[in-house]
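In what follows, a single structure is set out as structure tokens and then discussed.
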Amino acid sequence: MNQISKNHDTHWNRYYASDDVPMLPSQFSVFVASEFPDADFIVDIGCGNGRDAFFFCKQGYRVVAVDASAAAIESIQDKCGDMAGPLALQCRIDGAGTAEDIRRVLTDNGIEGRGVVYARFFLHAIDQTGEDAFLEVCRAISTLRDVSVAVEFRTVRDKSLPKETPDHFRRYLNPPEFVQNAARFGFRTEYLTEGFGFAKYKSDDAHVARVILAR
């Protein structure tokens, strides 16, 4: 692991171990639940402290919550206790066995049917190589299950705007470039919108894009 990756992991472990992380479900999670009311499962990539994963569980979905941060996964496991909650999986999106690990969790827990690979505020927290790895994991999962991909990320228009969360690596995406890249992995774009008001948090009204992909 290079120094940038180490610093990245240290930041997120410290962040998710703090008490300052919101637990209310995001606006995007509510949108996705309304778009896919008949889906059977959600794979939440970059799940963080599980705010959206727990929301999806309460809506009746089977949920696999994936994050590279040990602190994030421990937080989810602590919140579950004896209650049924997300199936937490710690792994990096660019790990050699990530798609297989997710497949194993789905299979071992009898999770079948139609699903959604969900990633909110994840793509702009990783570099271009990570984006490619994410799309490859989505492609691999789509060969095993009938899945759509739902993502939300900060766009290039958000770069100079105020931020509420601590400064860390952020890569601002150009939505047309992202959907072009997704097409390289066999995904077509079923829905794309961008703008303000989708992810407001205190003074941070991020300019974001929402994209739904399918194969």
Side-chain angles (χ1 to χ4, degrees), residues 8 11-37 39 42-61 63 65-69 71-73 75-76 79 85-86 93 116-128 130-131 134 138 148-179 181-182 189-213:
H8 191 262
H11 165 81
W12 290 114
N13 280 327
R14 184 183 301 117
Y15 179 68
Y16 288 120
S18 73
D19 295 325
D20 299 328
V21 188
M23 270 306 295
L24 286 173
S26 70
Q27 293 168 252
F28 187 51
S29 66
V30 177
F31 167 77
V32 168
S34 69
E35 288 292 305
F36 297 96
I42 306 279
V43 179
D44 185 354
I45 305 287
C47 63
N49 67 344
R51 58 185 292 197
D52 290 347
F54 280 100
F55 167 76
F56 288 130
C57 284
K58 290 177 181 177
Q59 306 311 306
Y61 301 97
V63 181
V66 182
D67 205 284
S69 167
I73 296 301
S75 173
I76 291 173
K79 291 183 181 74
I93 196 62
V116 180
V117 179
Y118 172 89
R120 177 191 177 270
F121 274 37
F122 175 67
L123 289 176
H124 65 247
I126 57 177
D127 61 16
Q128 183 62 54
E131 177 184 310
F134 167 80
C138 292
S148 297
V149 179
V151 297
E152 181 179 77
F153 51 81
R154 293 180 186 265
T155 75
V156 289
R157 290 185 59 185
D158 189 64
K159 186 173 183 177
S160 61
L161 299 179
K163 308 293 185 294
E164 279 288 339
T165 51
D167 190 31
H168 60 275
F169 173 80
R170 291 186 178 99
R171 180 177 63 100
Y172 300 91
L173 280 69
N174 183 324
E177 290 179 359
F178 171 73
V179 298
N181 193 31
T189 301
E190 293 200 324
Y191 176 83
L192 167 62
T193 191
E194 57 181 291
F196 295 104
F198 295 123
K200 189 178 186 309
Y201 175 59
K202 298 181 180 178
S203 65
D204 187 344
D205 188 4
H207 190 276
V208 303
R210 290 179 173 180
V211 184
I212 295 176
L213 306 170

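Side chains are part of it too, since the values below use all heavy atoms of this structure and drop only hydrogens, waters and symmetry mates. No experiment lies behind these values; they were computed from the predicted model shown.
Nearest heavy atoms, Thr155 versus Glu194: CG2-OE1, 4.3 Å. Considering all non-hydrogen atoms of both residues, Ala209 and Leu192 come closest at CB-CD1, 4.5 Å. Here the shortest heavy-atom pairing between Pro162 and Ser203 reads CB-O, 4.4 Å. Scanning all heavy atoms of the two residues, the minimum distance from Phe121 to Ala199 falls at CZ-CB, 3.7 Å. Shortest non-hydrogen contact noted between Phe122 and Gly46 is CD1-CA, 3.7 Å. Closest heavy-atom contact between Ala53 and Asp44: N-OD2, 3.6 Å.
Residue Cys138 holds its SG atom at 7.0 Å from CD1 of Ile93, rounded to the nearest 0.5 Å. For the atom pair Gln128 CD and Leu123 CG, the distance stands at 9.5 Å (nearest 0.5 Å).
Put simply, the side chain of Asp205 does not reach to within 4.5 Å of the side chain of Leu161, judged on heavy atoms. Looking at Val32 and Arg120, their side chains never come closer than 4.5 Å, going by heavy atoms from C-beta outward. The side-chain heavy atoms of Phe36 and Ile42, taken from C-beta on, include no pair separated by under 4.5 Å. You'll find the side chain of Phe196 reaches within 4.5 Å of the side chain of Arg157, heavy atoms only. Contact of the Leu213 side chain with the Thr189 side chain is registered, since non-hydrogen atoms from C-beta on lie closer than 4.5 Å. In this structure, the side chains of His124 and Tyr172 stay at 4.5 Å or more apart for every pair of heavy atoms.
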Residues Ser26, Asp52; criterion side-chain hydrogen bond (donor to acceptor under 3.5 Å, both in side chains); working and verdict: CA-CA 6 Å; Ser26 70; Asp52 290 347; 2.8 Å; yes
Criterion side-chain contact (heavy atoms from CB on, under 4.5 Å) on Phe54 and Val63, from CA distance to verdict: CA-CA 8 Å; Phe54 280 100; Val63 181; over 6 Å; no
Test log, rule side-chain contact (heavy atoms from CB on, under 4.5 Å), inputs Thr193 and Phe198: CA-CA 10 Å; Thr193 191; Phe198 295 123; 4.1 Å; yes
Derivation of the side-chain contact (heavy atoms from CB on, under 4.5 Å) call for Phe178 and Val151: CA-CA 11 Å; Phe178 171 73; Val151 297; 3.8 Å; yes
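By the salt bridge (Lys or Arg N to Asp or Glu O under 4.0 Å) test, Glu131 is found to be paired with Arg171, residues two or more places apart in sequence or in another chain being considered. Looking at residues two or more places apart in sequence or on another chain, you find a salt bridge (Lys or Arg N to Asp or Glu O under 4.0 Å) between Glu190 and Arg188. For Arg210, the salt bridge (Lys or Arg N to Asp or Glu O under 4.0 Å) partners two or more places apart in sequence, or in a different chain, are Glu152.
In this structure, Phe31 has its ring center closer than 6.0 angstrom to the ring center of Tyr191. The six-membered or imidazole ring of Phe28 lies near that of Tyr118, with a centre-to-centre distance under 6.0 Å.
No more than 12 heavy atoms of other residues, nucleotides or ligands shown are found within 6.0 angstrom of NZ on Lys58.
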